[in-house]
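Here the structure is a predicted model, which is why all the values come from computation and not from measurement.
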Amino acid sequence: MRKGTRLSFPLQNPDGTLPEHVAVSLGWDPSEESLLVDFDGTVVPGSRIDLNSAALLFAGDVLADAVYHEQLVSRDGSVAHSGDSPTGDGAGDNEVITVDLARLPPEVTTVVFLVTCYSGQSFAQIDNAYYRLLDTTSGAEITRYLLSGGPHTGLAMGKLVRTPQCWYFVGIGEGIYAHHVAEAVPQVARFLP
């Protein structure tokens with residue numbers, strides 16, 4: 001991960017107010033070298049790159065809930081996923097997770113954002129991958145990170161950490177080896193405060 005801005009900072013607007021609603025957006029393009037093309041010019045199924053974003057909600061070190069392509073909304077409705085983009089096709093954000101900070105249950109202390117490659121390719125085969133954090137009320141981009149290549153099939157992107165004063169965003173950018181969020185859960189314990 002190459003740093004787009006600060007790695008750790010309080011979520012605070014320039015006027016000192018605290019954002020109540022944020023989004024983490026993921027975008028990527030499949031590497032042209034990884035696509036297999038049939039004789040008629042169509043892309044062979046299975047050669048497309050399918051990244052999946054997820055938000056893991058922790059109460060201390062206990063997983064309280066998860067939002068990802070198979071569970072699009074948290075049980076309390078405070079976190080929502082825009083839906084699965086199985087190809088990375090199209091310009092801009094491919095998957096978006098929104099978080100209503102004011103509605104997160106008080107026992108949730110950390111929200112970890114991660115991405116896994118469901119189709120099994122490594123990040124070395126993925127082009128133009130990024131994630132960004134937005135204040136959805138103002139539309140302002142708070143930070144953006146480019147996701148590095150490498151042999152890993154998943155990436156812990158960053159986390160929101162609750163403090164008595166406000167939420168902090170902490171960039172992580174460490175590779176993990178998982179194709180599905182369930183395989184990733186045991187690997188993110190080291191990122192909890």
Side-chain angles (χ1 to χ4, degrees), residues 8-13 17-28 50-86 88 92-118 129-145 147 153-174 176 178-193:
S8 175
F9 54 88
L11 288 184
Q12 208 169 17
N13 292 317
T17 59
L18 304 177
E20 293 185 1
H21 203 268
V22 296
V24 171
S25 300
L26 169 68
W28 76 96
D50 182 4
L51 295 183
N52 289 322
S53 60
L56 304 178
L57 288 66
F58 286 90
D61 62 355
V62 176
L63 181 64
D65 206 348
V67 175
Y68 59 109
H69 70 284
E70 294 172 11
Q71 180 176 310
L72 296 178
V73 180
S74 61
R75 288 187 290 274
D76 64 8
S78 63
V79 181
H81 193 295
S82 64
D84 189 20
S85 172
D93 301 335
N94 296 109
E95 296 188 8
V96 179
I97 296 175
T98 57
V99 181
D100 187 336
L101 297 169
R103 288 183 56 201
L104 276 171
E107 64 271 13
V108 172
T109 55
T110 308
V111 180
V112 177
F113 299 99
L114 57 94
V115 58
T116 55
C117 187
Y118 191 72
Y130 68 87
Y131 81 95
R132 61 194 191 120
L133 178 67
L134 306 162
D135 177 341
T136 57
T137 303
S138 68
E141 184 175 276
I142 298 169
T143 191
R144 174 187 287 254
Y145 294 95
L147 307 181
T153 57
L155 191 69
M157 298 186 294
K159 62 184 177 180
L160 295 173
V161 179
R162 188 190 299 265
T163 69
Q165 298 77 29
C166 65
W167 285 92
Y168 268 75
F169 178 80
V170 180
I172 299 172
E174 288 192 32
I176 57 175
H179 299 176
H180 190 276
V181 66
E183 298 168 345
V185 170
Q187 298 179 58
V188 300
R190 69 183 191 262
F191 306 123
L192 298 175

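Between the CH2 atom in Trp167 and the CG atom in Leu11 there is a gap of 9.0 Å [rounded to 0.5 Å]. Rounded to the nearest 0.5 angstrom, Leu57 CG and Asp76 CG are separated by 7.5 Å. Taken from OG in Ser138 to NE2 in His21, the straight-line distance is 12.5 Å, to the nearest 0.5 Å. Here the OG1-CG distance, from Thr109 to Leu160, works out to 11.0 Å after rounding to the nearest 0.5 Å. Atoms CG and CG, from Leu114 and Leu56 in turn, are 5.0 Å apart once rounded to the nearest 0.5 Å.
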Q) Could you walk me through whether His179 and Thr116 pass the side-chain contact (heavy atoms from CB on, under 4.5 Å) check? A) CA-CA 5 Å; His179 299 176; Thr116 55; 5.8 Å; no
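Between Tyr68 and Ala54 the shortest heavy-atom distance is CB-CB, 3.8 Å. Nearest heavy-atom pair, Gly60 versus Leu192, reported as atom, atom and distance to 0.1 Å: O-CD1, 4.0 Å. Residue Val67 comes nearest to Ser74 through the heavy atom pair CG2-N, 3.5 Å, listed as atom of the first residue, atom of the second, then distance.
Distance alone, capped at 3.5 Å, places no donor-acceptor pair between the Thr143 side chain and the Leu133 backbone. Counting only distance, with no hydrogens or angles, the side chain of Thr153 and the backbone of Ala178 share a donor-acceptor pair below 3.5 Å. The closest donor-acceptor contact from the side chain of Arg144 to the backbone of Tyr130 lies at 3.5 Å or more, if one exists at all. Side-chain atoms of Asp65 come within 3.5 Å of backbone atoms of Arg75 as a donor-acceptor pair (strictly under, hydrogens ignored). Under the 3.5 Å distance criterion, the side-chain polar atoms of Glu95 are matched with a main-chain donor or acceptor of Ser53.
Residues Leu104 and Val99 have side chains in contact (heavy-atom distance under 4.5 Å, counting atoms from C-beta outward). You'll find the side chain of Lys159 reaches within 4.5 Å of the side chain of Ile172, heavy atoms only. Counting heavy atoms from C-beta outward, Arg190 and Ile176 have side chains that approach closer than 4.5 Å. Side-chain contact between Val24 and Met157: present, with at least one pair of heavy atoms (C-beta onward) separated by less than 4.5 Å. Using a 4.5 Å cut-off on side-chain heavy atoms (C-beta onward), Leu134 and Ser25 make contact. Between Leu18 and Leu101 there is no side-chain heavy-atom pair separated by less than 4.5 Å.
Environment of CD in Glu20: sparse, with no more than 12 heavy atoms of neighbouring residues, nucleotides or ligands closer than 6.0 Å.
In this pair, Tyr118 and His180 present their aromatic rings tilted. The plane angle is within the 30 to 60° band. The aromatic rings of Phe9 and Phe169 lie tilted to each other, with the angle between the two planes from 30° to 60°. Using cut-offs of 30° and 60° for the angle between ring planes, the Tyr131 and Tyr145 rings count as parallel.
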